[in-house]
Amino acid sequence: MTQHLRRHPASWWTQFQEASERFDTAYLTEGLGDLLTAKIGSPLLRREAEIATDIQVRHLNKPQAEELADRARKSVERLVATVARLAERSGEGFSLTEAHALCHLLEGRYGEAANAAEEFLKTQQILRIFVGAMRMERFDAELAVKMLAAGHEPGAAMHSGIVVGKYSWWPSWLIKIVTERAMEGRLDDEAITALDKCAYAELSPAQSRIARRLLSGEEALIDASAVRLEALGETDAAEKLRKGDLTAVAIAARLIPV
């Protein structure tokens with residue numbers, strides 16, 4: 001039993017290609033193609049599938065090469081015809097699920113290929129390939145895959161991956177906070193701005209621990225810190241802190257002696 005997550009419709013998978021102008025179909029075809037061909041039981045069919053996949057990948061890497069495009073088209077057509085012939089002859093006595101998924105892939109129906117592949121591959125394996133194919137710069141792919149596997153929509157996962165990739169210079173304790181908030185679906189632009197202020201605050205290790213506890217919503221500490229702010233005349237900051245406003249966290253944490 002390899003499947004742990006619900007299968008996603010083809011339309012869900014197509015969101016990845018739509019979200020990136022640099023979506024690398026050659027990368028996707030090679031990565032997913034390797035996983036699919038390895039699952040084909042028949043040695044002869046698997047070999048034909050490997051040849052078709054290799055030629056198609058080379059064509060996608062050099063789309064202007066007419067001879068290569070023609071070879072790729074013919075090899076894919078040959079594989080599709082072979083699979084159709086086997087399906088007609090064997091009926092239900094011979095599983096061609098993997099080969100059908102590969103045909104979808106080689107014919108450019110990437111969403112259909114991923115949907116079919118989820119029947120026998122782990123969804124996270126497929127996700128890693130789709131995320132990698134997006135060719136995002138300064139991007140935390142690991143976080144994006146975790147969020148997608150947890151059920152978040154691609155848009156939210158991509159946004160969080162971009163944020164963490166962009167702010168990778170943040171201290172590790174703050175990155176952990178960002179990751180936790182992203183997994184909980186609470187990482188909006190306002191939170192990012194506030195957390196960025198914490199990153200620039202140059203907190204000591206002790207102050208960082210206080211900030212982390214404040215960000216996690218520790219009520220007793222929030223109340224004590226708000227009282228300290230009020231005593232210093234920072235009533236507005238104290239009120240914001242009690243209301244959960246993240247911008248007050250850095251101020252409160254810096255009140256702790258270095």
Side-chain angles (χ1 to χ4, degrees), residues 2-8 11-35 110-111 113-115 117-118 121-203 205 207-217 244 246-247 249-250 253:
T2 59
Q3 184 59 33
H4 301 291
L5 306 172
R6 65 180 177 83
R7 287 177 66 176
H8 301 86
S11 58
W12 188 87
W13 289 103
T14 59
Q15 293 179 77
F16 292 90
Q17 187 170 6
E18 294 168 354
S20 174
E21 295 180 354
R22 302 176 60 193
F23 194 83
D24 191 337
T25 55
Y27 177 95
L28 176 71
T29 301
E30 183 175 17
L32 187 53
D34 286 345
L35 294 179
Y110 305 121
N115 171 262
E118 281 190 285
L121 292 175
K122 291 181 179 179
T123 298
Q124 286 202 33
Q125 289 180 288
I126 307 171
L127 282 172
R128 291 184 189 283
I129 295 170
F130 269 78
V131 170
M134 295 182 73
R135 296 302 192 191
M136 306 287 281
E137 294 182 354
R138 294 201 300 170
F139 181 75
D140 192 318
E142 190 66 27
L143 173 60
V145 170
K146 285 182 180 178
M147 289 185 66
L148 291 164
H152 291 278
E153 287 300 311
M158 296 305 109
H159 176 67
S160 296
I162 290 171
V163 168
V164 176
K166 179 180 178 180
Y167 296 106
S168 58
W169 59 269
W170 281 359
S172 58
W173 68 270
L174 195 53
I175 290 292
K176 187 173 182 181
I177 289 288
V178 173
T179 301
E180 290 170 353
R181 283 181 169 266
M183 292 299 294
E184 294 167 1
R186 299 189 296 123
L187 187 62
D188 54 23
D189 291 338
E190 184 179 352
I192 293 165
T193 300
L195 292 170
D196 197 28
K197 292 181 179 179
C198 287
Y200 275 108
E202 297 183 358
L203 304 177
Q207 291 170 334
S208 297
R209 287 193 292 272
I210 293 298
R212 177 171 173 75
R213 290 167 62 189
L214 290 170
L215 289 168
S216 66
L246 300 181
T247 58
V249 170

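These figures come from a predicted structure and were not determined experimentally. The first residue in the sequence is number 1, and the count goes up from there.
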Practice problem: Check M134 against A19 and note the closest heavy-atom contact, atom names and distance. | Solution: CE-CB, 3.7 Å
Quiz item: By side chain to side chain donor-acceptor pair (under 3.5 Å), which residues pair with E21, not counting sequence neighbours?
Solution: none
Self-check item: T123 side, atom OG1; R7 side, atom CZ - distance, nearest 0.5 Å
Solution: 9.0 Å
Exercise. For the residue pair F16 and W12, categorise the inter-ring angle as parallel (less than 30°), tilted (30 to 60°) or perpendicular (more than 60°).
Key: perpendicular
Quiz item: Looking at L127 and A149, what are the two nearest heavy atoms and their distance?
Solution: CD1-N, 3.9 Å
Self-check item: Nearest heavy atoms of P154 and L148, plus distance in Å
Solution: CA-CD2, 3.6 Å
Self-check item: Pairwise salt bridge (charged side-chain N to carboxylate O under 4.0 Å, His left out) hits with a residue in residues 144-173, at least two apart
Solution: none
Practice problem: Taking side-chain contact (heavy atoms from CB on, under 4.5 Å) as the test, write out the residues that go with A133, two or more places apart. | Solution: F23, Y27, L28
Quiz item: side chain to side chain donor-acceptor pair (under 3.5 Å) with E184: which residues, sequence neighbours excluded?
Solution: R186
Exercise. State the CE-OG distance between M136 and S20, to the nearest 0.5 angstrom.
Key: 6.0 Å
Self-check item: Contacts of R138 that satisfy salt bridge (charged side-chain N to carboxylate O under 4.0 Å, His left out) - sequence neighbours left out
Solution: none
Quiz item: Can you name the residues that form a salt bridge (charged side-chain N to carboxylate O under 4.0 Å, His left out) with E137, not counting sequence neighbours?
Solution: R22
Quiz item: Who passes side chain to side chain donor-acceptor pair (under 3.5 Å) against E142, sequence neighbours left out?
Solution: R128
Quiz prompt | Qualifying residues under side-chain contact (heavy atoms from CB on, under 4.5 Å), relative to I175, sequence neighbours excluded | solution = V164, W170, T179
Exercise. List the steps, then state whether side chain to side chain contact (heavy atoms under 4.5 Å, CB included) holds for Q17 with T25.
Key: CA-CA 9 Å; Q17 187 170 6; T25 55; 4.1 Å; yes
Quiz item: Between atom CG of L187 and atom NE2 of H159, what is the distance when rounded to the nearest 0.5 Å?
Solution: 5.5 Å
Practice problem: Please report the closest heavy-atom contact between A182 and M147, naming both atoms and the distance. | Solution: O-CE, 3.2 Å
Self-check item: ring-ring contact (aromatic ring centres under 6.0 Å, His included) assessment of W13 paired with F130
Solution: CA-CA 8 Å; W13 289 103; F130 269 78; 4.8 Å; yes
Quiz item: If you take all heavy atoms of L35 and L121, which pair is closest and at what distance?
Solution: CB-CD1, 3.8 Å
Quiz prompt | Counterpart residues, side-chain contact (heavy atoms from CB on, under 4.5 Å), relative to A26 (two or more places apart) | solution = D24, L60, N61
Quiz prompt | Check: L143 and M183 side chains under 4.5 Å, non-hydrogen atoms | solution = yes
Practice problem: Applying side chain to side chain donor-acceptor pair (under 3.5 Å), name anything that partners Q15, two or more places apart in sequence or on another chain. | Solution: none
Quiz prompt | Y110: which of N115, T29, T14 passes side chain to side chain contact (heavy atoms under 4.5 Å, CB included) | solution = T29
